[in-house]
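Contents: one structure, followed by commentary.
Just so it is clear, the values below take in all heavy atoms, side chains as well, and ignore hydrogens, waters and symmetry mates.
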Amino acid sequence: MTVAIVGGGASGVLTAINLLSATDDPQLDVVIFESSGIVGRGIAYGTTDQRHLLNVRARHMSAFPDHPADLLDWSLRTGRSQDPQSFLPRADYASYLQDRLRDVADDRLRIHAGKVIDIARTTDDTGGARFEVATARTTTAASHVVLAYGNLPPRPLAAGDHPLPEADWHLGNPWDLGRLRTLPADAHVLVVGTGLTAVDTAITLLEEGPNRHVTMVSRHGVLPEAHIAQTHVAWVTKVPEGPLTADLLARTVRDEIEAARDRDVDWRPVIDGLRPATQDIWLRLPQSERERFLAVYARDWEVRRHRMAREIADRVDGYRADGRLTVRQGTLVEVSDQGEVADVVIEPGEPALRYHAVVNCTGPLTDLSRSDSPLLQALHTRGLARPDPLRLGLHTTVDGELIGADDAVVPGLFSVGPPRKGTLWESTAIPEIRAQAAQLAARIVKR
């Protein structure tokens, strides 16, 4: 039995850890395909800037649902923070995942430093379904394939219908810290997006260039909310029984927040109290109500659900107070290439402003039909994968098996993590990913 895991970030590593831990069977082979050749990092934890922090407290970030103190134990042994309420650097979390994989690794694990460009379904000598996983130079036969590629790169920036040109000032990859650091010490930078990635980008730019100025712009112009000091108060948020609508859910949350306020409880425990039920709530919503939630309430939910560490929020507040960071609402109306800089109009009728760089922090692309990934295009062409109805990721069952173009399950082809967002909504954070990885590993081994 060979399990091919496509992607070596958190989703892929957690899946491999659980597979290798679930059985001692020498016939199991686990192959992680990671184009960089370095597992455990991915986009989320690949940063080298120690000021980029996790947005979840350390006590909630264990790799194992049944051992919640595992990350804290590791942090203590390796001389890092012992505070369960702390927010560790993202790079440290990559080291943690690498160490945990090393603990269970044996000769059944291989790491393939190649980018998967195609997956084809075949049959073995007994007529059983198998897969051929292809990179540019190799083909690997597998009985099961797990798509654990994490978040896709952001959609290319455009001003209206005009894509931004390839230019030195156009930074399409916000995680290319090398390019950020080469900008002039007094650069004026436009960051398109106001989410957590945009905040990390601003921190790198402003901490390493005291004379730099950053403008963040997005359609909503709203930053993520901040965590507060742990209050040790839990709130059980009541979820209505019976048919659910997006409006009813929003009213329920507002009512719960008001009830909490009457008891001198902050709104954050109310949002956190929904966490265990979020996937069930999403599954109860009809398709039309999911669409309404996305259109009306999703942004308000995201900025409250995915919050900044308090230390990060304090930095951001300081930048804004000093006049070095501006956050505004708007879009790219017009962008003019001026060689080493760009002139940008953000609102119709406004004058163009000059920037040394325009950085794409709009968040991951979720519509797979618009991705330029050779693998996703190949899977779509072969009928093995298609977007979910909301185009938030892959169309999968609740258990993560892919649903092909013929509306039938593709046996043996699974997904873990962010690609399952359309099916589960809450599928991008470690607590959900670790549970998916454990459940999938148990299912594969049982087969």
Side-chain angles (χ1 to χ4, degrees), residues 3 5 7-24 28 30 32 39-40 42 44-45 54-77 82-88 90 92-105 144 146-148 150 230 234-237 239 269 271-283 305-306 396-401 414-421 423-447:
V3 182
I5 301 174
S11 300
V13 167
L14 289 171
T15 302
I17 289 171
N18 280 277
L19 282 167
L20 294 167
S21 302
T23 178
D24 294 327
L28 171 68
V30 177
I32 301 177
V39 299
Y45 310 114
L54 298 174
N55 64 310
V56 177
R57 299 180 194 276
R59 67 188 182 93
H60 297 304
M61 290 290 288
S62 168
F64 308 104
D66 55 351
H67 189 179
D70 187 68
L71 175 59
L72 295 173
D73 293 343
W74 173 87
S75 185
L76 175 62
R77 287 196 302 272
Q82 303 173 32
D83 182 2
Q85 311 294 350
S86 67
F87 298 87
L88 292 175
R90 292 178 180 273
D92 285 2
Y93 197 74
S95 299
Y96 165 66
L97 292 176
Q98 292 165 350
D99 282 355
R100 284 294 167 261
L101 180 60
R102 192 178 297 112
D103 289 342
V104 299
H144 302 77
V146 181
L147 300 177
Q230 190 74 1
W235 187 270
V236 180
T237 303
V239 180
I271 300 299
D272 296 342
L274 279 171
R275 179 74 175 272
T278 301
Q279 291 184 353
D280 289 337
I281 291 171
W282 185 254
L283 293 170
R305 163 67 186 83
H306 300 285
T396 74
T397 66
V398 173
D399 294 329
E401 276 191 297
F414 300 91
S415 179
V416 168
R420 291 169 66 175
K421 185 172 184 177
T423 303
L424 301 173
W425 180 251
E426 190 71 71
S427 190
T428 62
I430 290 297
E432 284 70 37
I433 294 173
R434 70 189 179 194
Q436 292 176 20
Q439 293 161 5
L440 178 55
R443 180 176 180 179
I444 290 175
V445 169
K446 184 178 179 180
R447 282 188 175 184

Side chains of [X] and [Y]: does their closest heavy-atom pair fall under 4.5 Å?
{"X": "Q439", "Y": "D399", "value": "no"}
{"X": "D83", "Y": "Q85", "value": "yes"}
{"X": "W425", "Y": "L283", "value": "no"}
{"X": "L19", "Y": "I5", "value": "yes"}
{"X": "S415", "Y": "V146", "value": "no"}
{"X": "V56", "Y": "I430", "value": "no"}
{"X": "N18", "Y": "L440", "value": "no"}
{"X": "T237", "Y": "I271", "value": "no"}

Roughly how far, to the nearest 0.5 Å, is the [atom2] atom of [Y] from the [atom1] atom of [X]?
{"X": "S62", "Y": "L72", "atom1": "OG", "atom2": "CG", "answer": "8.5 Å"}
{"X": "Q436", "Y": "R434", "atom1": "CD", "atom2": "CZ", "answer": "12.0 Å"}
{"X": "S75", "Y": "L88", "atom1": "OG", "atom2": "CG", "answer": "5.0 Å"}
{"X": "M61", "Y": "F87", "atom1": "CE", "atom2": "CZ", "answer": "10.5 Å"}

Does a side chain donor of either Y45 or D92 reach within less than 3.5 Å of an acceptor in the other side chain? no

Taking atom types as modelled, is there a side-chain donor on D99 or W74 under 3.5 Å from an acceptor on the other? yes

Closest approach of [X] to [Y] (non-hydrogen atoms, all atoms of both residues):
{"X": "A277", "Y": "V239", "result": "CB-CG2, 4.4 Å"}
{"X": "A58", "Y": "L71", "result": "O-CD2, 3.5 Å"}
{"X": "T423", "Y": "W282", "result": "O-CD1, 3.2 Å"}
{"X": "V13", "Y": "G8", "result": "CG2-O, 3.5 Å"}

How are the rings of H144 and F414 set to each other: parallel, tilted or perpendicular (split at 30° and 60°)? parallel

Applying the side-chain contact (heavy atoms from CB on, under 4.5 Å) criterion to V416, which one of L14, L147, T15, T396 satisfies it? T15

Decide side-chain contact (heavy atoms from CB on, under 4.5 Å) for R100 and L97; before the verdict, give the C-alpha distance in whole Å, the side-chain angles of both, and the deciding distance to 0.1 Å. CA-CA 5 Å; R100 284 294 167 261; L97 292 176; 5.7 Å; no

Identify which one of Q279, R305, K421 satisfies the side-chain hydrogen bond (donor to acceptor under 3.5 Å, both in side chains) criterion when paired with E426. R305

Going by an N to O cut-off under 4.0 Å, is there a salt bridge joining E432 and R420? no

